[in-house]
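A quick note: this is a predicted structure, and the numbers were derived from the prediction, not measured. Any value given below was found using the heavy atoms of this structure, including those in side chains, with hydrogens, waters and symmetry copies removed.
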Amino acid sequence: MIELTDIYKSFGSRLVISIPHLCFHRKKRYALMGVNGSGKTTLLRILAGILLPDKGLVRNPDQEFMGYMPQSPYAFSFSVRKNVEIALQDHAEADSRAAQALEAVGIAHLIQSRGHTLSGGETQRMAFARMIALPRRLLLLDEPTSAADIQGTDQIEKVLLGYLSRIECTLIFSTHSPAQALRLADEVVFLDQGEIIERGDACEVLHSPKDPRTQLFLNHWKL
C-alpha cells in the first residue's frame, strides 16, 4: 500500500496540492482526473519521488520497481531501440526485450529510427515500451495517450491491460477521458485545485458523481 499523509505543495503563492490522507492499494488501478491545473501531474511527480512535498509523508512508493512516464516523455537522439534499452541497463536480454516491447506497442518498424525524429504519438509509444520492457510493481503514467491517435490509444490500452493482468502491478495514471478511466481504472480520484473532491469506484463516480464540480467536468463528455 502507498500512503500519503498531510501532503502539501506550493509553487510560489499558489497551493497546488493539499491532501490530508490518501491510500493506493497494491495491484489496483487508479485514474487521477480533473481540469488542467488541478494537481494531477504534481501528485504523480511526488509519488515518483521527482518532486518533494513542502510538507507531509509518502510511505512505500515502491521506487525501486517503479516506472514513471511523463506526459511529454523525452526522446534521445540515438535509435528507438536504444531509447528503450535505457530502462534495461545491463540486462542480459536487453536487445530482445526492447524489440518485444516495441513490437507490442506497434512501432517495431521504427526500431532503427532516431528517437528524436518521432511524432508525438510515436514518442509516447516508445516511452510506453520503455515502461513495459521490465516487470514493475508500480506504474505512474501521466496522460499516457494524450498525443496518440485512436489506433495508438487502443494499442497502448490493450498492451497495458495485458501487462497489468500478467504482472499484477499497481497502476496510477492521469487522464481527461472518462471513457478511458472506465476502461482502465478500478477507482477514480477527482482533484480540484489540489484537493480531492471525490473518490470511489470508477463506474459509480463517473456515472453518478456526488460533487457538482465533478458533474460539471463530466458534462463535457458523453459516457
Side-chain angles (χ1 to χ4, degrees), residues 2 26-27 29-32 40-41 43-51 61-177 180-181 183-185:
I2 301 170
R26 290 191 65 236
K27 300 182 182 181
R29 307 166 189 178
Y30 299 87
L32 306 180
K40 304 184 299 296
T41 294
L43 177 54
L44 283 171
R45 294 180 70 200
I46 288 172
L47 287 168
I50 295 170
L51 189 65
D62 272 337
Q63 288 186 351
E64 185 178 355
F65 299 98
M66 175 193 71
Y68 168 67
M69 177 176 156
Q71 183 176 354
S72 299
Y74 190 78
F76 295 95
S77 60
F78 38 72
S79 73
V80 168
R81 182 197 294 275
K82 290 293 185 183
N83 269 271
V84 175
E85 287 180 351
I86 287 173
L88 297 163
Q89 297 180 352
D90 298 324
H91 199 286
E93 301 176 347
D95 188 78
S96 61
R97 281 180 176 266
Q100 290 168 11
L102 289 166
E103 179 71 34
V105 302
I107 57 169
H109 61 290
L110 298 173
I111 195 166
Q112 298 300 335
S113 300
R114 295 291 179 179
H116 70 292
T117 67
L118 302 185
S119 69
E122 290 167 345
T123 300
Q124 280 196 321
R125 290 209 221 182
M126 179 181 69
F128 183 63
R130 227 169 11 222
M131 295 295 98
I132 64 169
L134 284 175
R136 303 181 188 273
R137 293 179 187 166
L138 173 64
L139 277 181
L140 303 171
L141 309 178
D142 193 0
E143 297 277 358
T145 61
S146 61
D149 57 17
I150 293 174
Q151 181 181 1
T153 296
D154 288 345
Q155 186 85 21
I156 289 174
E157 289 185 0
K158 178 182 177 181
V159 174
L160 178 57
L161 287 171
Y163 180 88
L164 293 171
S165 177
R166 186 173 70 255
I167 304 300
E168 296 186 327
C169 74
T170 306
L171 170 67
I172 306 172
F173 70 102
S174 65
T175 181
H176 279 88
S177 169
Q180 183 172 69
R183 290 192 296 266
L184 298 180

Open item on the list: Please report the interatomic distance CE(Met69) to CG(Leu44), rounded to the nearest 0.5 Å.
Closed with: 11.5 Å

Task: Derivation of the side-chain contact (heavy atoms from CB on, under 4.5 Å) call for Arg130 and Val105 - done: CA-CA 10 Å; Arg130 227 169 11 222; Val105 302; over 6 Å; no

Task: Side-chain heavy-atom pair Cys169, Phe65 within 4.5 angstrom cut-off - done: no

TODO: In plain terms, say whether Lys82 and Glu85 are close enough for a salt bridge, that is, a side-chain N and a carboxylate O under 4.0 Å apart.
DONE: yes

Task: Main-chain N/O of Asp95 paired with Arg81 side-chain donor or acceptor, under 3.5 Å - done: yes

Task: Stepwise side-chain contact (heavy atoms from CB on, under 4.5 Å) check, Ile2 with Leu138 - done: CA-CA 10 Å; Ile2 301 170; Leu138 173 64; 3.7 Å; yes

Open item on the list: If you define the side chain from C-beta out and look only at heavy atoms, does anything of Met131 sit under 4.5 Å from Leu140?
Closed with: no

Open item on the list: Between Arg45 and Asp142 (salt bridge meaning N to carboxylate O under 4.0 Å), is one present in this structure?
Closed with: no

- [ ] Flag the pair Met66 / Arg137 as yes when at least one side-chain heavy-atom distance between them is below 4.5 Å, and no otherwise.
- [x] no

Task: Backbone N/O of Gly162 and side chain of Ser165: donor-acceptor pair under 3.5 Å - done: no

Open item on the list: Would you compute the distance between atom CG of Leu141 and atom CD1 of Ile172 and round it to the nearest 0.5 angstrom?
Closed with: 10.0 Å

Task: Pairwise distance CD(Gln71) to OG1(Thr175) - rounded to 0.5 angstrom - done: 10.0 Å

Task: Between CG on residue Leu139 and OG1 on residue Thr170, distance to nearest 0.5 Å - done: 9.0 Å

- [ ] For Ala108 and Glu103, work out which heavy atoms get closest and say how close.
- [x] CB-OE1, 3.2 Å

Task: Whether Tyr74 and Phe76 hold their rings parallel, tilted or perpendicular, with breakpoints at 30° and 60° - done: perpendicular

Open item on the list: For the CZ atom of Phe173 and the CG atom of Leu184, what is their distance to the nearest 0.5 Å?
Closed with: 4.5 Å

Open item on the list: Contact between Leu160 and Leu171 at the side-chain level, heavy atoms closer than 4.5 Å - yes or no?
Closed with: yes

Open item on the list: Within the 4.5 Å heavy-atom criterion, are Leu110 and Leu102 side-chain neighbours or not?
Closed with: no

Task: Heavy-atom closest pair, residues Gln180 and Thr153 - done: NE2-CG2, 4.0 Å

Task: Shortest non-hydrogen separation from Ile132 to Ala101 and the atoms involved - done: CG1-CB, 4.1 Å

Task: Contact check, side chains of Val80 and Gln112, non-hydrogen atoms, under 4.5 Å - done: no

TODO: To the nearest 0.5 angstrom, please state how far the CD atom of Glu168 sits from the CZ atom of Arg26.
DONE: 9.0 Å

Open item on the list: If I compare all heavy atoms of Gly115 with all of Ala75, which pair ends up nearest, and what's the gap?
Closed with: O-CB, 3.4 Å

Open item on the list: For a side chain to side chain donor-acceptor pair (under 3.5 Å) check, start with the C-alpha distance between Thr145 and Gln124, then their side-chain angles and the critical distance, and finish with the verdict.
Closed with: CA-CA 7 Å; Thr145 61; Gln124 280 196 321; 5.8 Å; no

Open item on the list: Any heavy-atom pair between the side chains of His176 and Glu143 that's under 4.5 Å?
Closed with: yes

Task: Closest heavy-atom pair and its distance - Ala87, Arg136 - done: CB-NH2, 3.9 Å

Task: Val84 to Ala133 - nearest heavy-atom pair and separation - done: CG1-CB, 4.2 Å

